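Notes follow the structure.
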2 protein chains.
Amino acid sequence: MATISDVARLAGLSVSTVSRVINNNPHVIPKKRKLIEDAMQQLGYVPRPAARQLRGSSTNTMAVTIPRIVNPFFSYLVDAIERTLDEAGYTTIIVQTFSRPEEELTALKMLRNQQVDGVILCSIENPWSVIQPYLQYGRIVLVNEYLADVPVPIIRANQYQGFYNATEFLLQHGYTKLAYATGRKQVALAENGVNFDSDRFSGFQSALNSIGKVRFNPHWLFTNAHTATDGKLILQKIIASPDKPDAILAGSDEVALGLLEEAQAQGVQIPAQLAVLGVDDQPSSSFLKIPLTTIRQPVDQMGSAAAKAMVAALQDQAVTLPQIFPLEIVKRASV
Amino acid sequence: MATISDVARLAGLSVSTVSRVINNNPHVIPKKRKLIEDAMQQLGYVPRPAARQLRGSSTNTMAVTIPRIVNPFFSYLVDAIERTLDEAGYTTIIVQTFSRPEEELTALKMLRNQQVDGVILCSIENPWSVIQPYLQYGRIVLVNEYLADVPVPIIRANQYQGFYNATEFLLQHGYTKLAYATGRKQVALAENGVNFDSDRFSGFQSALNSIGKVRFNPHWLFTNAHTATDGKLILQKIIASPDKPDAILAGSDEVALGLLEEAQAQGVQIPAQLAVLGVDDQPSSSFLKIPLTTIRQPVDQMGSAAAKAMVAALQDQAVTLPQIFPLEIVKRASV
DNA sequence: ATAAATTTTGAAAACGATATCAAATTCTAT
DNA sequence: ATAGAATTTGATATCGTTTTCAAAATTTAT
């Protein structure tokens, strides 16, 4: 492996000058610059990131945390983020947290260790009090989820309004016994402000109270629902219960798919016996046996906005204003 | 940030001894080891990867290259790889290549720069002659795709046999005018042995010749097909052409989905007018309006086997034997 | 008790880059 | 032509580890 000294020797100049060329410092005379560039070319020289990092310069690398890459919502989000960062000259590292706080810390530690210039959190697994201290080491941007009153750029969809509208939509269609599924372990208020899922959940509840004048039946809350298999299990539970809901907000198209499949297997009529509302609008959702009514999230826009906010944050000191995108109901046959 | 010297000072010992504790070298007396561990604890000390890398020790990090993370086949493959590597104590870096050779080189350069201990290639974008030199810097494992006669572990599915069987399956069902779609830019022999897509393609052609005694019509070859939108376009081309195929091997469930959707929009009967065969068996494929007949790939097994082969390669010198998994036809309604 | 062998420890030299600061060179003005 | 200013260059310290290699401490053998 060629090092900076090899280049310096071949070019007949000092490492300082070579370093200047690498970092395009203007104080190098064109003739010598050319000499050095040729030498770098000839040796196939590439600066070693470890050495630069150790010396404390920027890494041009960003970490992005997501719960699971196999969730299409997150794979599309990451894809949008990565494409935008790529244009700005940054490399992206994807960190799957599997919803574990420790794994989120792994990403944050990369910030502290100067392995990355910033981290984009697409889900939040730790209380803000543990995330906050890492702000001194670099930039943090929140996408998709959010916390109130934290001094970082936040890009998100209006989950409250979206779920309020979706609930209103269900109520208007005559459903009153609404079930609710979520990937969360529990639905509760976060330590420092309102978080993602309770945002969805409060939009849901608020519409239920103010429009439907109905109280939510806690037996119809299903947590920890991620996959189609989880959806199937939920449907089985619904069938087995004495007091059955007549509609369900499924939390994702994946879970909705399982619900739909199991409903067919069990002879449950959709939407007559149970209306199903997904979230995400995956490519296949329009072409299912029962085309899925779902809430579309503006994932490309959010991803790209998040990446841009990060790049902006890295360049100047100003914190980008919070950006909030609307959710849209895509009406099909499952409601 | 606490450094190794801070720990040494607090423990009243030298950095050498601290380093020995970090790397659990046996030559440290238990009492002092305890002293140092306490100091590390108290300062929240974590060694800086950049410094260790610079010094040339192993990184416990692996790069995995894939064309696009939004392709479910690859997101599941990466997921399986990452889970297995995680158990073995390795961190995974995902590199999207977008099928660009330069991006694949980015991953290979991480090997040379000692940013990673190995790279797992899930697709091959460069000729072996350019990949080969990087073998001197670390381990390389090939998954999903393969090259003949290269000295690295290869984990793959039997694409030739799978596509031979699938073609036989179509022929047995009475289809003779078979079209073929692929994500590749072209279908051709690779520089150094047979590659992935021509493997699929030769299985296809070989069955066509030996069983069907039919010649493939090159007008029915569709390249560069990745998304559902691409599938829709292909169906439109098929409709517009004078000599229409009666079946198509779609290359992926995503493309098949587009084919199916557009067929419905255009009033083309599936499978009566056109049989559609997907690849991947995505979760939603069984529940489409027209349940998709597809070729299932053992993605979890392959991912996990690849990760294990990499870990083994890193530990001893022996190259894992090539592993080849069978493809399975999942019969549903689109054929 | 002493010498030899063994174990445990520490000082200092890497690793490959960047940044400071002073020296050398070139340019400008008289 | 010469002093002074401005520009370009290079020597060297530094970042935080690991790894020699030799010194110090301990154990074992005589």
Side-chain angles (χ1 to χ4, degrees), chain A residues 1-37 39-40 43-61 91 109-117 136-138, chain B residues 1-37 39-40 43-61 109-117 137-138:
Chain A
M1 279 298 13
T3 73
I4 196 172
S5 337
D6 298 329
V7 175
R9 201 171 312 121
L10 180 60
L13 292 161
S14 75
V15 292
S16 322
T17 309
V18 177
S19 177
R20 286 191 188 93
V21 171
I22 295 170
N23 299 281
N24 42 66
N25 177 310
H27 296 297
V28 178
I29 214 165
K31 196 178 64 185
K32 300 195 173 166
R33 180 181 296 274
K34 178 76 171 59
L35 226 49
I36 288 170
E37 280 166 349
M40 296 201 306
L43 295 170
Y45 169 77
V46 185
R48 269 193 65 175
R52 313 184 82 172
Q53 281 175 228
L54 184 56
R55 204 56 186 67
S57 71
S58 74
T59 64
N60 275 23
T61 302
T91 302
K109 281 181 186 153
M110 296 178 94
L111 199 61
R112 190 186 60 174
N113 293 334
Q114 298 178 48
Q115 298 186 86
V116 298
D117 297 345
Q136 63 185 293
Y137 306 119
Chain B
M1 280 298 11
T3 72
I4 197 172
S5 337
D6 297 330
V7 176
R9 200 171 313 122
L10 181 61
L13 291 161
S14 74
V15 292
S16 323
T17 309
V18 177
S19 176
R20 286 191 188 93
V21 170
I22 295 170
N23 300 283
N24 41 67
N25 177 310
H27 296 297
V28 178
I29 214 163
K31 197 177 64 184
K32 301 195 173 167
R33 180 181 297 274
K34 179 76 170 59
L35 226 49
I36 288 169
E37 279 165 352
M40 295 200 306
L43 295 170
Y45 169 77
V46 184
R48 271 192 63 176
R52 312 185 83 171
Q53 281 175 228
L54 184 56
R55 204 56 186 68
S57 71
S58 77
T59 63
N60 276 21
T61 302
K109 280 181 188 156
M110 296 177 93
L111 198 62
R112 192 187 56 174
N113 293 334
Q114 298 180 48
Q115 298 187 85
V116 299
D117 296 346
Y137 305 119

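Here the structure is a predicted model, which is why all the values come from computation and not from measurement. What's counted below: heavy atoms across the whole structure, side chains too, no hydrogens, waters or symmetry copies.
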(request) State which of D/dT9, D/dT19, C/dT9 makes the closest approach to the side chain of B/Arg55. (result) D/dT19
(request) Give the nucleotide from the list D/dG16, D/dT19, D/dT9 with an atom nearest to the side chain of B/Ser19. (result) D/dT19
(message) Between C1' on D/dT7 and NZ on A/Lys31, what's the gap in Å once rounded to a whole number?
(response) 15 Å
(request) Evaluate the criterion side-chain contact (heavy atoms from CB on, under 4.5 Å) for residue pair A/Asn60 and A/Thr91; output intermediate values, then yes/no. (result) CA-CA 6 Å; A/Asn60 275 23; A/Thr91 302; 5.8 Å; no
(request) Kindly indicate, with the supporting measurements, whether the criterion side-chain contact (heavy atoms from CB on, under 4.5 Å) is fulfilled by B/Arg52 and B/Ile22. (result) CA-CA 11 Å; B/Arg52 312 185 83 171; B/Ile22 295 170; 3.6 Å; yes
(request) Send over the distance from B/Asn113 CG to C/dC15 C1', rounded to a whole Å. (result) 13 Å
(message) Minimum heavy-atom separation for A/Leu54 and B/Ala51, please, with both atom names.
(response) CD1-CB, 3.8 Å
Pull out every protein N or O sitting under 3.5 Å from an N or O of nucleotides 21-27 of chain D, one pair per line with the distance.
none

(request) Using a cut-off of strictly less than 4.0 Å, decide whether B/Thr3 has a side-chain nitrogen or oxygen near OP1 or OP2 of D/dG16. (result) no
(request) Could you tell me the separation between the NE2 atom of A/His27 and the P atom of D/dT7, rounded to a whole number of Å? (result) 7 Å
(request) Examine distances only and state if a side-chain atom of A/Arg48 and a backbone atom of B/Gln53 form a donor-acceptor pair shorter than 3.5 Å. (result) yes
(request) Could you check how far CG of B/Asn60 sits from P of D/dT18, rounded to whole Å? (result) 12 Å
(message) Any base atoms under 4.0 Å from A/Val7, or only sugar-phosphate, or nothing? Heavy atoms, all strands.
(response) nothing
(request) Would you indicate which nucleotide in C/dA11, D/dG10, D/dG16 comes nearest to any side-chain atom of B/Ala51? (result) D/dG16
(request) Provide, to the nearest angstrom, the distance between the CG atom belonging to B/Leu35 and the P atom belonging to C/dT9. (result) 11 Å
(request) Report yes if some heavy atom in the side chain of A/Tyr45 is under 4.5 Å from a heavy atom in the side chain of A/Ile4; otherwise report no. (result) yes
(message) Pick the closest DNA chain D nucleotide for B/Ala2 and for A/Val28 by heavy atoms, then say which residue is nearer the 5' end.
(response) A/Val28
(request) Looking at every strand, decide which applies to A/Val18 at a 4.0 Å heavy-atom threshold: base, sugar-phosphate, or nothing. (result) nothing
(request) Give the rounded distance in Å between these two atoms: CG of A/Asn25 and C1' of D/dT7. (result) 11 Å
(request) Scan side-chain atoms only and decide if A/Ser14 and A/Thr17 contain a donor-acceptor pair under the 3.5 Å cut-off. (result) yes
(message) Taking the minimum atom-to-atom distance to the side chain of B/Leu54, which one of D/dA11, C/dT18, D/dG16 wins?
(response) D/dG16
(request) Map B/Pro30 and A/Ser16 onto DNA chain C by nearest heavy atom, then report which one ends up closer to the 5' terminus. (result) B/Pro30
(message) From CG of A/Leu43 over to P of C/dG16, roughly how many Å is that when rounded to an integer?
(response) 14 Å
(message) So, OP1 or OP2 of C/dT9: does either fall under 4.0 Å of a side-chain N or O from B/Lys32?
(response) yes
(request) Would you confirm whether A/Asn25, through its side chain, and A/His27, through its main-chain N or O, come within 3.5 Å as a donor-acceptor pair? (result) yes
(request) Send over the distance from B/Arg9 CZ to C/dG10 P, rounded to a whole Å. (result) 14 Å
(request) Check whether any side-chain N or O of B/Thr61 sits under 3.5 Å from a backbone N or O of B/Val116 as a donor-acceptor pair, and report yes or no. (result) no
(message) Can you see if the side chain of B/Arg52 gets near the phosphate of D/dT18 - specifically, an N or O under 4.0 Å from OP1 or OP2?
(response) yes
(request) Kindly say if A/Thr17 contacts the phosphate of D/dT9, meaning a side-chain N or O under 4.0 Å from OP1 or OP2. (result) no
